[in-house]
Undergrad: 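One structure is given below, represented as structure tokens, and several questions about it will come after.
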There are 2 protein chains.
Amino acid sequence: MKRDIFQAIADPTRRAIIALIAIQAMTPNAIAENFHTTRQAVSKHLRILTECELVTTEQKGREIYYLLEIEKMKEIDKWLEQYRQIWETRFKQLEDVLAKIKKQKRKK
Amino acid sequence: MKRDIFQAIADPTRRAIIALIAIQAMTPNAIAENFHTTRQAVSKHLRILTECELVTTEQKGREIYYLLEIEKMKEIDKWLEQYRQIWETRFKQLEDVLAKIKKQKRKK
DNA sequence: GACACGTGCAACCGTTTGGTTGCATACTCT
DNA sequence: AGAGTATGCAACCAAACGGTTGCACGTGTC
């Protein structure tokens, strides 16, 4: 039942929940109001997000606020980094080619 | 059956396939050699990756080479951008606080 | 043309997923 | 203490997922 962060963000509803609590911490009920599902379904999503440490909870009386653990999002960024390097290299190569063409035109 | 890019990268095997063909285009058979599954299973993953335009194919005789569509990866980067802004803002705020503390110490 | 090779697709199967309903628990207010 | 509110958890269900096996189709090679 160990889910990783990539599975966590795979579901559109969960991405929406993340977007919501990124702005401000919210209770399950408040979050559920934004979706066309039951509160329990949202609760399940929150459990998954908590399991892979993407969100934390903070109890205030009988209400539980869920907050986004923004640091965890960096893991995706870290994974993307290797590919960012590739597309930046390709862009650089494209620039070089364009520069070469420009140079050749000037010669005429 | 419409899958988005986030579902595509949710599976560890698919992320491994992406990592493989990021270096160089490969045939399904060559890719499958790197995993402990059947060629058909890999073929299925490739189909999913093709469906959401993360990979493209190039036929060379009876072999089909799969290549990574690196541009598509930028979609994830674009999605991450909003959160990157948040963690950078927080880091900035932290810096400000530290600077303030430093300043106060100097007064003494 | 016959045959091996590389590949995709359909059918099937067990497991996981996302959802629902119903219930138990914990806190608040009167 | 009792009523109402906020929440989590278990049981269940249909659909989707990831895998396998078997087969069909196109492409090279002899």
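We name chains A, B, ... by the order of the sequence lines, and we start the count at 1 in each one.
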Undergrad: Taking for each residue the nucleotide of DNA chain C bearing the nearest heavy atom, is the 5' side occupied by A/Q59 or by A/T13?
TA: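 Taking each residue's closest nucleotide, the earlier one in sequence belongs to A/T13.
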Undergrad: Please report, rounded to the nearest Å, how far the P atom of C/dT16 is from the CG atom of A/D4.
TA: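 Rounded to the whole Å, the gap is 15 Å.
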Undergrad: Let me know the distance between CD of B/E33 and P of C/dT7, rounded to the nearest Å.
TA: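 Atom-to-atom, B/E33 to C/dT7, this comes out as 10 Å.
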Undergrad: Kindly give the heavy-atom pair with the smallest separation between A/Y83 and B/R15, and that separation in Å.
TA: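 Minimum heavy-atom contact is OH-O, 4.2 Å.
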Undergrad: Could you tell me which non-hydrogen atom of B/R3 sits nearest to which non-hydrogen atom of B/C52, and how far apart they are?
TA: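 Minimum heavy-atom separation between B/R3 and B/C52: O-CB, 3.6 Å.
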Undergrad: Can you tell me if the side-chain N/O atoms of B/T38 get under 4.0 Å from OP1 or OP2 in D/dT20?
TA: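 Yes, such a contact exists.
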Undergrad: Going 5' to 3' along nucleotides 3-8 of chain D, which nucleotides have protein heavy atoms under 4.0 Å from the base (write B), which only from the sugar-phosphate (write S), and which from neither (write -)?
TA: -BBSBB
Undergrad: Quick check: is A/L20 connected to A/I18 through a chain of hydrophobic side chains (ILVMFWY, heavy atoms under 4.5 Å apart)?
TA: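 Same cluster.
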Undergrad: Please state how far atom CZ in A/F6 lies from atom C1' in D/dG18, giving the value in whole angstrom units.
TA: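 To the nearest whole Å, that distance equals 19 Å.
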Undergrad: Measure CD1/B/I48 against P/C/dC9 and give the value in whole Å, please.
TA: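 Atom CD1 in B/I48 sits about 12 Å away from atom P in C/dC9.
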Undergrad: Have a look at B/L49 and tell me which of B/V55, B/I5, B/I21 forms a side-chain contact (heavy atoms from CB on, under 4.5 Å) with it.
TA: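 Answer after filtering B/V55, B/I5, B/I21: B/V55.
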Undergrad: Mind calculating the distance between NZ (B/K60) and C1' (D/dG26) to the nearest angstrom?
TA: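 That distance rounds to 18 Å.
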Undergrad: Given the structure, check if the side chain of B/K44 and the base of C/dG8 hold any donor-acceptor pair shorter than 3.5 Å.
TA: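 Under the 3.5 Å cut-off, the side chain and the base do not form any donor-acceptor pair.
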Undergrad: At less than 4.0 Å, is any side-chain N or O atom of B/H45 found next to OP1 or OP2 of D/dG19? Yes or no.
TA: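 For D/dG19, OP1 or OP2 has a side-chain N or O of B/H45 closer than 4.0 Å.
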Undergrad: In whole Å, I'd like the distance from the CZ atom of A/R3 to the P atom of C/dG18.
TA: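 Computing the A/R3:CZ to C/dG18:P distance gives 7 Å.
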Undergrad: Give me the atom names and distance for the closest heavy-atom approach of A/A10 to B/Q7.
TA: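 Closest pair (atom of A/A10, atom of B/Q7, distance): O-CG, 3.7 Å.
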Undergrad: State plainly whether the residues A/D11 and A/K44 are in salt-bridge range, i.e. N to O under 4.0 Å.
TA: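 Salt bridge flag = no for A/K44 with A/D11.
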Undergrad: Going by atom type alone, with no hydrogens or angles, which donor-acceptor pairs under 3.5 Å involve a side-chain atom of residues 64-74 of chain A and a protein atom two or more places apart or on another chain?
TA:
unit_1	atom_1	unit_2	atom_2	d
A/Y65	OH	A/E63	OE1	3.2
A/E69	OE1	A/T56	OG1	2.4
A/E71	OE2	A/K74	NZ	3.4
A/K72	NZ	A/E75	OE2	3.1

Undergrad: In whole angstrom, give the distance that lies between atom CD of B/E58 and atom P of D/dT27.
TA: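 Rounded to whole Å, this separation is 16 Å.
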Undergrad: Whole-Å distance between C/dG19 P and A/F35 CZ?
TA: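 Between P of C/dG19 and CZ of A/F35: 10 Å.
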